[in-house]
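Here's the structure we're looking at; comments come further down.
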Amino acid sequence: MTMTTIKVEMGTRNELKAYAAQRGLTMDAALRGLLNSERRRRMLEELRDARRRMTAEQWEAYDAEASEWLDAPLETPRGH
């Protein structure tokens, strides 16, 4: 693993250090977790935006396809 130094204000570093300590994490793990959370938040926001733009027909088609997947048997029929 290659390590590097990043320049952040002392207050930011102290806040990250406290955040990590409260969770029993290294500062690296805490920062990765925060980045992952932000990535997930952005992805969900993009999904919400896409859903808002869907027409009633598109939503109906999506719902029908999702129902097919959700109602599908969990086991593969024998012989396949």
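We use all heavy atoms of the structure for the numbers below, so side chains are in, but hydrogens, waters and symmetry mates are not. Sequence positions, counted from 1, serve as the residue numbers for this chain.
- A side-chain contact (heavy atoms from CB on, under 4.5 Å) with R41 is found for one member of M43, E38, R39 and no other, namely E38.
- Ion pairing between a basic and an acidic side chain is recognised when a charged N comes within 4.0 Å of a carboxylate O; E45 and R42 show no such pairing.
- The backbone N or O of D63 sits less than 3.5 Å from a side-chain atom of S67, completing a donor-acceptor pair.
- Other residues, nucleotides and ligands place no more than 12 heavy atoms under 6.0 Å from the CD atom of E15.
- Here the straight-line distance linking atom CD of E65 with atom CG of L70 works out to 10.5 Å at 0.5 Å rounding.
- Partners of N14 according to the side chain to side chain contact (heavy atoms under 4.5 Å, CB included) rule, which considers only residues two or more places apart in sequence or in another chain, are M10.
- When the shell of 6.0 Å around CD of E9 is examined, it contains 12 or fewer heavy atoms from other residues, nucleotides or ligands.
- Distance check: L31 CG to L25 CG gives 11.0 Å after rounding to the nearest 0.5 Å.
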Verdict with reasoning, D49 to L47, per side-chain contact (heavy atoms from CB on, under 4.5 Å)
CA-CA 5 Å; D49 289 345; L47 287 171; over 6 Å; no
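- Within a 6.0 Å radius of CZ in R51, no more than 12 heavy atoms belonging to other residues, nucleotides or ligands are found.
- For the pair D28 and R32, the salt-bridge criterion is met [side-chain N within less than 4.0 Å of a carboxylate O].
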Dump the intermediate steps for side-chain contact (heavy atoms from CB on, under 4.5 Å) on L34 and L16, then the final yes or no. CA-CA 10 Å; L34 291 167; L16 179 60; 4.2 Å; yes
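- Counting all heavy atoms, side chain and backbone alike, M54 lies closest to Y62 at CE-CB, 3.7 Å.
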Are Y19 and M27 close enough, and set up right, to give a side-chain contact (heavy atoms from CB on, under 4.5 Å), and what steps lead you there?
CA-CA 8 Å; Y19 177 88; M27 287 177 35; over 6 Å; no
